[in-house]
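Because only heavy atoms are used, hydrogens play no part in the values below, and waters and symmetry mates are left out as well, while side chains stay in. The structure presented is a predicted model; accordingly, all values stated were derived computationally and were not measured. Numbers restart at 1 for each chain; the letters A, B, ... are given by sequence-line order, proteins then strands.
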Number of protein chains: 2
Amino acid sequence: MSPREHTHPAVEDVELVAVLSALAEPTRLRIVRMLAAMEGERAWRDIDLPIARSTLSHHLKILRNAGLVQNRTEGTRCFVSLRGEELEDRFPGLLECVLACRDAGAADADGAECGL
Amino acid sequence: MSPREHTHPAVEDVELVAVLSALAEPTRLRIVRMLAAMEGERAWRDIDLPIARSTLSHHLKILRNAGLVQNRTEGTRCFVSLRGEELEDRFPGLLECVLACRDAGAADADGAECGL
DNA sequence: TTCGATATTCGATATTCGTCGAACATCGAA
DNA sequence: TTCGATGTTCGACGAATATCGAATATCGAA
């Protein structure tokens with residue numbers, strides 16, 4: 001289909017288990033890190049990951065349904081951004097401390113490995 | 001088998017994705033909440049959940065491998081406890097804000113529903 | 001209108017996950 | 001030693017998930 005309007009769950013309807021599940025997958029965590037590292041939105045088209053576009057669409061849908069991410073449509077293209085403040089309201093500190101952590105296996109938003 | 005000694009990962013080897021995966025399952029989250037609500041250890045035998053004992057063993061293994069929980073063996077029985085301080089060292093604030101949240105679907109440690 | 005770009009959905013596949021009961025291993029007590 | 005209690009592992013099952021390529025729907029431009 002096309003970048004049609006999507007529904008986003010209300011903040012109060014966002015569930016913890018859904019958020020944790022969404023974050024508990026390396027590719028999705030990487031997407032979240034990437035979005036967090038840029039203050040603003042990111043063009044769908046410019047999200048460059050070593051996965052098929054349909055797979056990317058799938059992961060973004062899960063992040064969207066979990067309340068982590070929101071889409072904005074502009075013509076035939078769309079932009080993705082983190083629902084940072086809303087998440088902070090719902091689960092204070094959660095996103096922040098997940099992002100703060102950089103373990104050995106945590107790839108950087110750009111794809112490079114990160115020591116600390 | 002029996003409550004034999006288990007290996008626990010070193011704090012520095014605990015991975016974020018493993019922790020999030022472990023917490024992203026209702027039964028396991030409930031176990032963690034229960035352990036957090038009691039300051040100390042809990043006898044395996046006394047963990048009362050509506051699942052088979054083998055399933056409980058499975059979930060505890062996942063929590064253990066993720067670094068969230070530790071086992072202590074005493075004779076033929078064992079005791080489970082949260083690795084609270086170590087988790088705090090590794091991922092500051094994470095466990096705390098996960099536990100702080102009580103969403104609509106979050107069952108209490110005792111099994112009762114909890115409004116707030 | 002026709003076409004190309006864009007993102008989603010569909011169908012298929014392989015894998016992982018949660019669950020159970022049964023079998024097993026270990027320890028302490030009789 | 002024999003037994004019972006206690007957890008763990010095994011084998012099996014269905015459900016959920018990650019992945020891909022192909023098909024599809026929508027928009028903007030030619």
Side-chain angles (χ1 to χ4, degrees), chain A residues 1-9 15 17-32 34-35 41-66 68-81 105 107, chain B residues 1-9 15 17-32 34-35 41-66 68-81 105 107:
Chain A
M1 319 321 182
S2 79
R4 246 188 148 16
E5 296 302 332
H6 289 292
T7 60
H8 299 92
E15 289 180 31
V17 168
V19 171
L20 294 174
S21 297
L23 293 173
E25 206 278 334
T27 299
R28 291 195 292 262
L29 183 54
R30 190 169 163 183
I31 293 174
V32 169
M34 179 194 68
L35 293 174
E41 6 178 71
R42 172 112 184 185
W44 207 104
R45 188 182 44 175
D46 296 340
I47 299 177
D48 188 30
L49 293 172
I51 56 175
R53 305 309 275 172
S54 56
T55 303
L56 174 58
S57 185
H58 167 71
H59 284 310
L60 285 175
K61 181 179 185 176
I62 289 179
L63 289 171
R64 201 187 320 125
N65 290 147
L68 278 162
V69 145
Q70 63 195 165
N71 281 23
R72 184 176 66 81
T73 290
E74 190 172 298
T76 171
R77 64 189 74 173
C78 81
F79 300 85
V80 187
S81 59
Chain B
M1 316 326 181
S2 81
R4 242 181 153 23
E5 296 303 330
H6 289 292
T7 60
H8 300 92
E15 290 180 30
V17 168
V19 171
L20 294 174
S21 297
L23 293 173
E25 206 278 332
T27 299
R28 290 194 293 261
L29 183 54
R30 190 169 164 184
I31 293 173
V32 168
M34 177 193 70
L35 293 174
E41 13 178 63
R42 173 110 181 185
W44 207 105
R45 188 183 41 174
D46 295 340
I47 299 176
D48 187 28
L49 293 172
I51 55 175
R53 305 311 274 172
S54 55
T55 304
L56 175 59
S57 184
H58 168 70
H59 284 311
L60 286 174
K61 182 179 185 176
I62 289 179
L63 289 170
R64 201 189 318 126
N65 289 148
L68 277 161
V69 145
Q70 63 195 166
N71 281 22
R72 185 176 66 82
T73 289
E74 190 173 298
T76 170
R77 64 188 76 173
C78 80
F79 300 84
V80 186
S81 58

How long is the line joining [atom1] of [X] and [atom2] of [N], in whole Å?
X	N	atom1	atom2	value
A/I51	D/dT19	CD1	P	6 Å
A/R30	D/dA18	CZ	P	16 Å
A/N71	D/dC27	CG	C1'	16 Å
A/H58	C/dT15	NE2	C1'	13 Å
B/L49	C/dC20	CG	C1'	16 Å
A/F79	C/dT8	CZ	P	13 Å
A/I31	D/dA18	CD1	P	11 Å
B/W44	D/dT9	CH2	C1'	12 Å

With a 4.0 Å limit, can you tell me whether [X] has a side-chain N or O closer than that to the phosphate oxygens OP1/OP2 of [N]?
X	N	value
A/H59	D/dT17	no
B/S54	C/dC20	no
A/R45	C/dT6	yes
B/H6	D/dT8	yes
A/R53	D/dC20	no
A/R28	D/dT17	no
A/S57	C/dT8	yes
A/R64	C/dT8	yes
A/T76	D/dC27	no

Nucleic acid contacts of residues 19-27 of chain A, taken as heavy-atom distances under 4.0 Å to DNA chain C: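 Residues of residues 19-27 of chain A under 4.0 Å from DNA chain C: none.
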
Residues two or more places apart in sequence or in another chain: which of them pass side-chain contact (heavy atoms from CB on, under 4.5 Å) with B/P9?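 By the side-chain contact (heavy atoms from CB on, under 4.5 Å) rule, B/P9 matches B/V14, B/R83.
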
Which residues pass the side-chain contact (heavy atoms from CB on, under 4.5 Å) test with B/D46, not counting sequence neighbours? B/R42, B/A43

Secondary-structure string, 5' to 3', Watson-Crick or G-U under 3.5 Å, | for another-strand partners, for DNA chain D: ||||||||||||||||||||||||||||||

Select base, sugar-phosphate, or nothing to describe what [X] touches, counting heavy atoms under 4.0 Å on all strands.
X	value
B/L56	nothing
A/I62	sugar-phosphate
B/L60	nothing

Heavy atoms only: give me the nearest [X]-[Y] pair and the separation to one decimal.
X	Y	result
B/A22	B/I62	CB-CG2, 4.2 Å
A/L20	B/L23	CD1-O, 3.7 Å
B/I47	B/V80	CD1-CG2, 4.4 Å

Quick check for you: to the nearest 0.5 Å, what is the distance between [X] atom [atom1] and [Y] atom [atom2]?
X	Y	atom1	atom2	value
B/H6	B/T73	NE2	OG1	6.0 Å
B/E5	B/N71	CD	CG	9.0 Å
B/L29	B/E25	CG	CD	9.0 Å

Which donor-acceptor pairs under 3.5 Å do the side chains of residues 54-61 of chain B make with protein atoms, sequence neighbours left out?
unit_1 : atom_1 : unit_2 : atom_2 : d
B/H59  : ND1    : B/R28  : NH1    : 3.1

For A/R72, check side chain to side chain donor-acceptor pair (under 3.5 Å) against everything at least two apart and list the hits.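 With sequence neighbours excluded, A/R72 shows a side chain to side chain donor-acceptor pair (under 3.5 Å) to A/E41, A/E74, given in chain and number order.
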
